[in-house]
Amino acid sequence: MPVSHDTAVELVRDLLELQRVMKRVTKTDAGQRRLNPTAIALLYYLDSNGPRRAAVMASDTGLGPSGLSRQLAVLEDEGHVERTPDPDDGRAALVAITERGREQVRAVVEQDAQRLAARLEGWDEDQARASRGAINEITTVFLDSLGAERTTSCREARRPPRTGPATADEEHDGEHAEHPGSPRPPQHRDHEEETAR
């Protein structure tokens with residue numbers, strides 16, 4: 001049975017309310033951070049995906065060229081990202097996260113996890129996992145409708161159901177999938193960079 005119009009309307013309202021509340025929560029929880037939420041999201045993106053051309057970053061994140069340029073300038077001044085020559089095109093540059101940037105990502109993820117856990121004090125583990133599953137499910141639907149791929153966490157949500165034992169590579173991937181602040185394995189970064197180009 002397809003989704004009814006009334007349910008679709010309610011979902012739109014629910015998502016708009018979630019978006020509004022998340023902006024307030026993000027602003028409140030940011031506290032005295034030196035970096036704004038957009039800059040932190042860019043670091044998270046680079047930590048998950050590896051070096052990227054600015055044009056690819058703009059396409060993946062939805063930021064305009066001028067807005068992205070301003071954010072990258074701040075991150076570069078703070079030592080969180082660096083530009084390196086693109087080995088496939090000497091005229092282009094890749095934006096890469098630095099170790100300082102990775103430390104910033106790990107610190108922010110840890111802080112946000114602690115704050116979120118405090119906000120969910122009345123929940124149990126099953127409720128938290130069920131909500132995560134629902135969020136990832138609707139995110140996947142939206143990404144599929146756009147013909148886009150995930151650029152940060154929960155990449156495993158897009159895999160088809162496994163019909164046999166996990167392979168050694170899948171087990172290795174799983175070690176990284178549950179920790180959004182950890183960098184992707186090199187072999188995956190190489191594949192994703194080829195796809196982006």
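We number each residue from 1, following the sequence as shown. Everything numeric here is computed off the predicted structure, so don't read it as measured data.
Tracing side-chain contacts under 4.5 Å through hydrophobic residues (I, L, V, M, F, W, Y), one reaches Leu116 starting from Trp123; they form part of the same cluster.
Pairing each heavy atom of Leu94 with each of Pro87, the nearest pair is CD1-CD, 4.0 Å. Summarising the geometry of Tyr44 relative to Val105, their closest heavy-atom pair is N-CG2, 4.0 Å, with the distance given to 0.1 Å. Contact record, Ala39 with Gln71: CB-OE1, 3.5 Å, taken as the closest heavy-atom pair. When all heavy atoms are compared, the tightest approach of Met57 to Val95 is SD-CB, 3.9 Å. Taking each heavy atom of Ser4 and Thr7 in turn, the nearest pair found is OG-OG1, 3.0 Å. Nearest heavy-atom pair across Val81 and Leu72 is CG2-O, 4.1 Å.
Distance alone, capped at 3.5 Å, places no donor-acceptor pair between the Ser69 side chain and the Pro65 backbone. Judged purely by atom type and a 3.5 angstrom limit, Ser145 uses its side chain to pair as donor or acceptor with the backbone of Phe142. Remark: side-chain polar atoms of Arg83 are not paired, donor with acceptor, to backbone N or O of Glu76 under 3.5 angstrom.
Salt bridge present: Arg20 and Glu17 bring a charged side-chain N and a carboxylate O closer than 4.0 Å.
Here OG1 of Thr38 is found 11.0 Å from CG of Leu43. Values are rounded to the nearest 0.5 Å. Note that the NE2 atom of His80 and the CD1 atom of Ile40 stand 9.0 Å from one another [nearest 0.5 Å].
Contact annotation: the side chain of Arg34 never approaches that of Gln104 to less than 4.5 Å [non-hydrogen atoms, C-beta and beyond]. Counting only heavy atoms from C-beta outward, the side chains of Val108 and Leu35 never approach each other to under 4.5 Å.
Looking at residues two or more places apart in sequence or on another chain, you find no side chain to side chain donor-acceptor pair (under 3.5 Å) involving Ser66. Glu110 is linked by a salt bridge (charged side-chain N to carboxylate O under 4.0 Å, His left out) to nothing, counting only residues two or more places apart in sequence or in another chain.
Environment of CD in Glu99: crowded, with over 12 heavy atoms of neighbouring residues, nucleotides or ligands closer than 6.0 Å.
Checked against Arg53 for a salt bridge (charged side-chain N to carboxylate O under 4.0 Å, His left out), the options Asp86, Asp60, Asp88 give a single hit: Asp86.
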